Amino acid sequence: MDLLQVIVSGLLLGGVYALLAAGLNLIFGVMRVINLAHGELLMLGAYATFFFYDTTGLNPLLAIPLVAAAMFAGGMVLQRLTIERVVGQPLLSSLLLTFGLSTLLTGVALNLWTTNFRSVVYEPLTGSLGIGGLSISRSRLVAFAIALVVSGATYVFLRRSTWGKAIRATAQHAEVAQVCGIDVGRVRLVSFGLGSAMAATAGSLVAIVFTFNPEIGRVFIGKAFAIIVLGGLGSFVGAFLGALTLGVTETLAAYYTSTQLSEAVAYAVMVGVLLVRPSGFFGQAES
Amino acid sequence: MAADGAQAQSVQTQSAAAPPANGAPLLELRDVDASYGKVQILHAASLAIHPGEVVSIIGPNGAGKSTVLKAVMGILRPTTGQILFDGQSITGLRPDQIVRRGIGYVPQGRIVFRDMTVAENLEMGAFTIADKGRVRPLMDRVFTVFPRLGERRTQRAGTMSGGEQQMLAMGRVLMSEPRVVLMDEPSLGLAPRFIELVFEKIGELKEAGMTLLLVEQNAAKSLSISDRGYVLELGRNRFTGSGPDLLADDRVRRLYLGG
Ligand SMILES: Nc1ncnc2c1ncn2[C@@H]1O[C@H](COP(=O)(O)OP(=O)(O)O)[C@@H](O)[C@H]1O
Ligand SMILES: [Mg+2]
């Protein structure tokens, strides 16, 4: 059945989006910084995975923990050198800063890697599986499963561990978190590192599912915004539902109209939701 | 207004105003100046608290009472002056470092982590406790002081009443086993029965030997449970003395106790 096929395919796509949006949300929650360079972190993750595969020929999934660890470290450096300076400043300061970072990273990547599209074609991840009459892309299924595991693990970490709770406490009230003895500067550092690692992991998954070039950061940040508008800024569960919704909507649009048009879907959804319900559909802000 | 640079007046010259004879202060501010941006709020504010004492800071709105507590906690850095805890300078340390030294702080406005449960709020209060095995017993002790919190341990803090949130904020500070607790207007904006309860609990803490620095707009009530008090006006020490002496002093009564 075609419609079901399209919906399942869209849901699988949504898992990768969810991972991207969750990182953006985490960073916003803790720092009140909207990271416009989040899409470029994804782009870097995609290239890192591509080069790992290109040089080693090993299963590109093996790159994921390495890329995530590298971006965790890289994200912390970026936070200390730049983002930390705009924490507590007017929103415009951080928007301009991260916009600058986004443009800079895209520019450098274009210089190094050109506008040529790349992809990671690893034989065992290609083709489709037949499940209950549906034909499901193997790479999408694997990407979805990994995105789900990483998002789920992050969620459990934030809910259950002392450090995760300290992150949530800082997001809710930084000053009180501080007088509970939490070093909120370190929480900001680690949260940005985590958010960056999540974006990079989404990038690794994008590399095995799609083709990409240095400009995809812009495409994906647009999707992440649509998701957050759907889910409510700061809501982990809301963003997850928003991501699945966007994935399905896009896939339906691509199926019934054209691929070009599906690119615009994220923005159409964003504008539409903001007109109807400025606070988002699925959630009030909660962390 | 107090004369510039003048020493705070003692309302009684006898021993009551002087610190207890035994030993050094646990917490001491020496001539602390502090500013928000370019506006100087504290002008040579000084005070001392000895182990086991309950000390109140009273004064009109905007006098800088909260600012004194924020300066102690490192939320606001003094521009000059020194803050000593247990004889060591804590001036310029970060709030989390100051908490680790053993100072607890209940901010004004009964602020809790609204989206976390009562138990999670208390767990955050114990963030500095290295041995996590001690968190449960500490929490149980808080539940014996505030049974209401025990009944609501899985409830989201944001859904509780204002009075219950203040109990939670007070319970949270005890989780770090502080050696001195700073409380900013713990009874402000509460229903009368909760105001009674707050002062009752402060009395219990005092009985248990806790060292407390209390900021209250409810000056009469606050002084009546305090060993000593400081009257702050426009960021300067104005009067100081024992709780009963301040309560009995005409000038203090006229200016701050509405009598
Ligand atoms: N965050 C702030 N920024 C600027 N000015 C402040 C801030 N907080 C307090 N003030 C000012 O500092 C003065 C003292 O405030 P505060 O210490 O809160 O007084 P109190 O607690 O005695 O009512 C007031 O004039 C107040 O307006
Ligand atoms: Mg105040």
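The sequence lines fix the lettering, A, B, ..., with proteins before strands; numbering per chain opens at 1. What you see is a predicted model, and the numbers here were worked out from it, not measured in a lab.
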Chemist: With chain B as the partner, which of Ala166(A), Ala177(A), Gly181(A) has the greatest number of non-hydrogen pairs under 4.5 Å?
Modeler: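 Ranked by heavy-atom pairs under 4.5 Å with chain B, first place is Gly181(A).
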
Chemist: Quick test of your reading of the model: are Arg156(B) and Asp115(B) salt-bridged, counting only N-O distances below 4.0 Å?
Modeler: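 Between Asp115(B) and Arg156(B) there is a salt bridge, with a charged N closer than 4.0 Å to a carboxylate O.
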
Chemist: I want to check a possible cation-pi pair here: Arg80(A) against Phe192(A), using under 6.0 Å from ring centre and within 45° of the ring axis as the test.
Modeler: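 Output no; distance or angle outside limits.
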
Chemist: Check Arg152(B) with Glu164(B), please: is the shortest side-chain N to carboxylate O separation under 4.0 Å?
Modeler: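 Salt bridge between Glu164(B) and Arg152(B), a charged N being under 4.0 Å from a carboxylate O: yes.
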
Chemist: Using non-hydrogen atoms and a 4.5 Å limit, figure out which bit of Ser176(B) sits close to chain A: side chain, backbone, both or neither.
Modeler: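 Neither; nothing under 4.5 Å.
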
Chemist: I'd like to know which of Val99(B), Ile98(B), Val173(B) tops the heavy-atom pair count under 4.5 Å against chain A.
Modeler: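 Counting heavy-atom pairs under 4.5 Å, the top option is Val99(B).
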
Chemist: I'd like to verify something: which residue of Gln97(B), Arg114(B), Arg94(B), Met73(B) has the highest number of heavy-atom pairs under 4.5 Å with chain A?
Modeler: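 The residue among Gln97(B), Arg114(B), Arg94(B), Met73(B) with the greatest pair count is Arg94(B).
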
Chemist: What residues form a ring-ring contact (aromatic ring centres under 6.0 Å, His included) with Tyr155(A), not counting sequence neighbours?
Modeler: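 Here the qualifying residues are Phe236(A).
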
